[in-house]
Amino acid sequence: MTILITGGTGNTGLCLAKRLREANHSVLLTSHSRPVPEPFEGVRFDWLDTSTHENPFNAAHDIDSLYIICPQVYDMLGATRPFLDLAVAKGVKRFVLMSGTAMVKGSEAMGKVHEYIVALGVDYCILRPTGFIGKRYNSTTRVPLAILLIMQAELFGTHFLRGIRDENYIASAAKDGRIPLIGVDDIVDVAFDALVDEESHNTEHIIVGPELFSYDEVCFRVLFFRSETAGNTLGRLQLCSVKSSEEG
């Protein structure tokens with residue numbers, strides 16, 4: 001049987017594909033625009049283009065599990081529901097959704113997708129990690145600026161890329177709040193088990209890291225680099241502060 005990985009060229013998707021392949025599981029990757037790296041097989045897929053939704057099932061007729069990375073749109077359920085329904089009709093039995101700690105079942109964005117998957121009556125698992133970071137790089141490493149930007153985007157996800165690239169900032173409303181950031185490999189460990197365990201988890205997993213980091217600490221302890229082309233360091237732009245109940 002084949003496991004379909006949407007977002008197959010992304011941080012968790014590609015790492016998960018490697019883990020599954022090493023364990024001799026058949027995998028098929030989807031990608032919107034990036035080429036799928038060898039030795040993996042992949043198909044073009046766009047959540048918002050229903051003409052691409054049959055592509056995975058034309059490429060593999062034995063897909064029984066699905067790893068879901070939602071598109072970055074406001075109405076995530078509206079964007080994903082047509083393919084989720086198609087997957088059920090095609091015989092997919094297990095759904096593993098990448099969500100987040102802030103996205104409770106039934107809330108906006110991935111919370112709605114979470115609720116819908118449970119209502120489908122399929123085997124499922126919902127992954128709810130905190131903000132996550134990828135590989136940690138040596139803080140003394142000297143790298144070209146272009147590679148530096150790619151590395152920083154990998155560490156924090158593409159939603160921080162514009163601020164990192166254009167302003168040398170990570171924009172956050174967290175002030176000095178500290179977060180138990182989790183590594184990609186740790187998320188993939190849970191996703192792997194959720195996809196291949198004989199008994200379906202049928203629950204949600206809150207996935208947190210072992211240490212607490214503020215964004216300032218991440219900037220200066222994890223992401224502190226100097227490039228060969230510019231002496232760039234990464235800072236944190238505080239968008240707003242949040243008053244506690246004691247402050248009124």
Side-chain angles (χ1 to χ4, degrees), residues 7 10-13 15 68-76 96-115 125-141 148-191 194 203-227 231-248:
N11 282 337
T12 60
C15 186
I68 304 162
I69 299 292
C70 293
Q72 297 302 302
V73 296
Y74 178 75
D75 183 8
M76 289 188 181
V96 175
L97 171 69
M98 171 63 74
S99 185
T101 49
M103 302 298 173
V104 299
K105 178 183 175 183
S107 66
E108 295 302 319
M110 291 169 282
K112 294 290 187 185
V113 182
H114 175 169
E115 182 178 52
C125 181
I126 311 299
L127 309 180
R128 295 180 59 197
T130 57
F132 62 89
I133 56 177
K135 302 172 184 176
R136 295 191 181 189
Y137 295 89
N138 189 318
S139 62
T140 62
T141 301
L148 172 65
L149 292 172
I150 292 171
M151 288 160 54
Q152 291 171 343
E154 177 186 345
L155 286 164
F156 263 122
T158 55
H159 54 288
F160 286 111
L161 178 58
R162 182 174 296 178
I164 293 171
R165 181 191 62 202
D166 297 339
E167 301 293 337
N168 242 32
Y169 279 114
I170 290 175
S172 168
K175 198 176 180 181
D176 297 323
R178 306 180 83 213
I179 305 168
L181 297 172
I182 186 72
V184 169
D185 288 342
D186 298 309
I187 298 171
V188 167
D189 285 343
V190 183
T203 190
E204 58 186 59
H205 294 304
I206 306 294
I207 311 171
V208 301
E211 297 182 64
L212 297 173
F213 292 95
S214 71
Y215 280 106
D216 282 339
E217 289 172 324
V218 172
C219 290
F220 296 110
R221 292 176 55 187
V222 182
L223 295 177
F224 186 82
F225 293 99
R226 296 191 65 83
S227 80
N232 287 347
T233 57
L234 189 63
R236 190 256 306 174
L237 174 64
Q238 182 178 304
L239 290 183
C240 63
S241 61
V242 180
K243 291 185 178 180
S244 68
S245 56
E246 290 81 3
E247 294 174 314

Tell me the closest heavy-atom pair linking G100 and R128, and the distance in Å. O-NE, 3.0 Å

Could you pull out the closest heavy-atom pair between P129 and M98, with the gap in Å? CG-SD, 3.6 Å

Would you compute the distance between atom CD1 of I69 and atom CG of L97 and round it to the nearest 0.5 angstrom? 8.0 Å

Any idea which heavy atoms bring L127 and A191 closest together, and the distance? CD1-CB, 3.6 Å

Salt bridge (Lys or Arg N to Asp or Glu O under 4.0 Å) partners of D189, counting only residues at least two apart: R19

Rounded distance [0.5 Å steps], OG1 in T101 versus NE2 in H205: 15.0 Å

Using modelled atom types and a 3.5 Å cut-off, is there a donor and acceptor pairing between side-chain atoms of T130 and backbone atoms of P180? yes

Got a list of side-chain donor-acceptor pairs under 3.5 Å for residues 106-115, not counting sequence neighbours?
unit_1	atom_1	unit_2	atom_2	d
S107	OG	V104	N	3.3
S107	OG	V104	O	2.7
K112	NZ	G106	O	3.4

pair I207-V190: side-chain heavy atoms closer than 4.5 Å: yes

I need the C15 SG to I187 CD1 distance, nearest 0.5 Å. 9.5 Å

